[in-house]
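The structure under discussion appears below in the form of structure tokens.
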Amino acid sequence: MGLAKRIIPCLDVDNGRVVKGVQFVDIRDAGDPVEIARRYDIEGADEITFLDITASSDNRETMVHVVEEVASQVFIPLTVGGGIRNVADIRRMLNAGADKVAINTAAVFNPEFVKEAAEKFGSQCIVVAMDAKQVNGNPLKWEIFTHGGRKPTGIDAIEWAKKMVNYGAGEILLTSMDRDGTKVGFDLALTRAISETVHVPVIASGGVGNLDHLCEGVKQGAADAVLAASIFHFGEYTIEEAKRHMAKAGIEVRL
Amino acid sequence: MKTVAVIDYGMGNLHSVAKALEKVAEGTKVIVSHDPDEVRKADRVVLPGVGAIRDCMAEIIRLGFDDVVREIVKNKPLLGVCVGMQALMDFSVENGGTECIGILPGRVEFFGNELRDPRTNERLKVPHMGWNQAHQTIEHPMWQGIADDARFYFVHSYYVLPTGPELIAASCDYGISFTAAITQGNVFATQFHPEKSQHTGLAVYANFLKWGGE
């Protein structure tokens with residue numbers, strides 16, 4: 001027995017409400033983030049990730065209050081992403097009770113920001129979130145996209161992961177844009193390619209539709225943690241069911 | 001009213017630590033303080049920490065908390081957490097070598113980037129991040145009500161190696177067997193984060209608030 005593979009429910013939060021889109025559109029309301037986070041904690045979530053998808057920066061303060069509220073009731077690691085653009089944004093989230101922040105677009109525009117953040121707050125709290133999409137190439141190739149998967153950057157995903165770890169990322173949150181919201185399973189080739197390249201933990205994200213997908217992410221994708229949203233929000237499965245399923249498949253989990 | 005002070009030296013997740021202590025405080029007042037005199041007056045003290053050891057030690061020394069810690073442990077319980085545990089040792093190899101407070105004999109070593117599971121030869125990621133088991137190696141009031149091999153949340157790339165194994169209160173396996181908790185006299189320290197380890201972690205803080213030391 002040793003380190004458990006983690007299950008991380010992800011809450012996309014828009015103006016203080018949990019929502020979940022399919023391939024970044026068609027947003028459905030899934031409820032109050034504090035209530036949902038508490039439920040996931042009780043069910044045995046290993047961590048919780050919040051992605052603030054609020055479009056207007058005027059409403060970013062809402063997220064701070066959500067984090068504060070959750071952090072005073074839920075004693076597991078909390079990660080906050082979305083709109084993390086500078087050191088002040090990070091400090092605000094950590095002060096609110098977040099343990100880690102996920103940096104995505106800001107890392108692409110200014111990679112030095114990741115270095116600065118890791119030096120200032122420690123690598124343990126800097127997660128680099130990368131949105132990757134398969135592009136033509138042999139062997140398989142993936143490219144980094146920004147703006148919720150709309151804007152290509154020309155950056156190779158594997159090279160990007162290496163660079164971000166060199167710059168001090170303590171963890172990679174890897175989302176397949178091809179799979180996000182589709183419920184057909186993780187992009188396992190992408191997940192394995194990144195996980196085997198870097199020495200830091202990789203969280204697989206995008207595409208979970210059933211519990212076997214979670215097992216595949218760990219076994220075939222070599223992910224250290226698996227992230228899912230809609231299968232938990234809409235009550236299809238509880239986190240406890242997911243963990244029992246993984247344990248049955250021979251994966252070490254915290255039960 | 002009894003007080004517990006969380007040392008605020010500008011680094012680390014004090015808020016999480018303070019919130020967890022408040023959750024189990026029942027009659028103990030939780031103070032977060034950067035004032036050495038206020039910390040000295042508390043009945044018990046927590047030294048938290050995350051991030052790089054050199055920056056942590058620089059701030060601990062600048063604010064005079066190295067002396068405060070040396071003084072406190074003579075007659076009051078002290079709980080070190082994560083880098084707060086590592087800071088209590090003599091020396092850390094992190095950041096090219098960093099002198100630490102030195103109230104516990106031993107060093108802080110690096111897991112290395114080629115860590116492997118000795119059973120499967122599978123490569124292990126560094127940092128060691130997530131929920132792993134603490135094997136209790138001694139009986140201790142801090143373990144009261146906590147199952148042996150209970151899981152706690154860890155996130156670290158460096159680990160404590162005490163000079164004598166008799167100081168180890170719990171071990172954990174990750175490629176090697178390393179120190180998950182250490183104790184000597186009035187000091188108890190954990191590599192894991194009790195404030196992020198759900199009920200089991202809160203039980204550690206509850207035990208600390210009851211523990212008389214020694």
Side-chain angles (χ1 to χ4, degrees), chain A residues 1-8 41-42 44-48 67-78 91 93-100 117-127 165 168-172 195-196 198-203 222-225 243 252-255, chain B residues 11-20 22-24 49-56 82-83 111-115 117-120 122-133 135 149-157 172-175 177 193-202 205:
Chain A
M1 298 293 273
L3 184 65
K5 299 296 179 188
R6 291 169 282 155
I7 293 192
I8 307 176
D41 174 47
I42 291 165
D46 295 310
E47 298 186 17
I48 298 174
V67 174
E68 275 174 351
E69 193 64 24
V70 173
S72 60
Q73 305 179 42
V74 169
F75 297 96
I76 58 175
L78 306 175
R91 183 165 289 128
M93 286 307 173
L94 297 182
N95 284 345
D99 300 283
K100 314 181 202 180
E119 273 165 16
K120 202 153 218 126
F121 302 102
S123 290
Q124 83 292 331
C125 75
I126 305 302
V127 182
V165 172
E171 197 171 25
I172 300 280
S195 190
E196 286 182 343
V198 297
H199 64 77
V200 303
V202 171
I203 306 166
D224 301 283
K243 286 191 160 180
E252 190 161 353
V253 291
R254 176 179 71 110
L255 281 169
Chain B
M11 308 284 292
N13 56 340
L14 319 156
H15 302 274
S16 304
V17 173
K19 278 173 177 169
E22 274 158 16
K23 182 84 182 174
V24 297
V50 291
I53 191 82
R54 194 205 297 149
D55 296 344
C56 286
C82 195
V83 178
F111 275 125
N113 282 331
E114 284 306 318
L115 195 64
D117 185 323
R119 292 162 308 170
T120 60
E122 178 199 350
R123 189 177 66 127
L124 299 174
K125 299 292 182 75
V126 175
H128 172 226
M129 185 186 288
W131 298 79
N132 205 335
Q133 295 173 292
H135 316 292
D149 290 332
R151 286 190 187 273
F152 292 93
Y153 189 82
F154 291 81
V155 50
H156 61 123
S157 301
C172 178
D173 294 328
Y174 193 62
S177 173
H193 287 276
E195 68 280 2
K196 290 291 142 189
S197 302
Q198 224 202 7
H199 308 301
T200 324
L202 292 179
Y205 283 129

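Chain letters run A, B, ... following the sequence lines, proteins first, then strands; residues in each count from 1.
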message: Within this structure, what is the CD1-OH distance for the pair A/Ile76 and B/Tyr153, rounded to the nearest 0.5 Å?
response: 10.0 Å
statement: Assert top hit (heavy-atom pairs under 4.5 Å, partner chain A, pool B/Ala18, B/Pro194, B/Ala20) equals B/Ala20
- line: Cut-off 4.5 Å, heavy atoms of chain A, and the answer for B/Glu195 is backbone
query: What distance do A/Glu252 atom CD and B/Arg151 atom CZ have between them, rounded to the nearest 0.5 Å?
result: 4.5 Å
message: Under a 3.5 Å distance rule, please check whether A/Arg254 uses its side chain to pair with a backbone N or O of B/Asn132 as donor and acceptor.
response: no
Separation of A/Asp99 CG from B/Lys196 NZ (nearest 0.5 Å): 3.5 Å
task: State, to 0.1 Å, how close B/His15 and A/Asn95 come at their nearest heavy-atom pair, and which atoms those are.
output: NE2-OD1, 3.5 Å
- request: First locate atom NZ of B/Lys125, then atom OG of A/Ser195, and finally report the distance between them rounded to the nearest 0.5 Å.
  value: 3.0 Å
message: For B/Leu115, which atoms come within 4.5 Å of any heavy atom of chain A: side chain, backbone, both, or neither?
response: neither
- request: For B/Pro127 and A/Pro201, work out which heavy atoms get closest and say how close.
  value: O-CG, 3.9 Å
- line: To the nearest 0.5 Å, atom CH2 of B/Trp131 lies from atom CD of A/Glu47 at 8.5 Å
field: Part of A/Ala98 within contact of chain B (heavy atom distance under 4.5 Å)
entry: neither
- request: Pick whichever of A/Leu94, A/Val198, A/Val200 has the most heavy-atom pairs under 4.5 Å with chain B.
  value: A/Val200
message: Using heavy-atom distances under 4.5 Å, tell me whether A/Val253 contacts chain B through its side chain, its backbone, both, or neither.
response: backbone
Side chain A/His199, main chain B/Val126, donor-acceptor under 3.5 Å: yes
- prompt: Which of the residues A/Pro77, A/Gly97, A/Gly122 is involved in the greatest number of heavy-atom pairs with chain B at under 4.5 angstrom?
  reply: A/Pro77
- request: Working to the nearest 0.5 Å, report the span between CZ of A/Arg6 and CE of B/Met129.
  value: 6.0 Å
Residue part contacting chain A, namely of B/His128, when any heavy atom lies under 4.5 Å: side chain
message: Only pairs of heavy atoms separated by less than 4.5 Å count here; which of A/Ser123, A/Ala4, A/Gly2, A/Ala225 has the most with chain B?
response: A/Gly2
statement: Turns out that what part of A/Asp46 lies under 4.5 Å from chain B's heavy atoms comes down to both
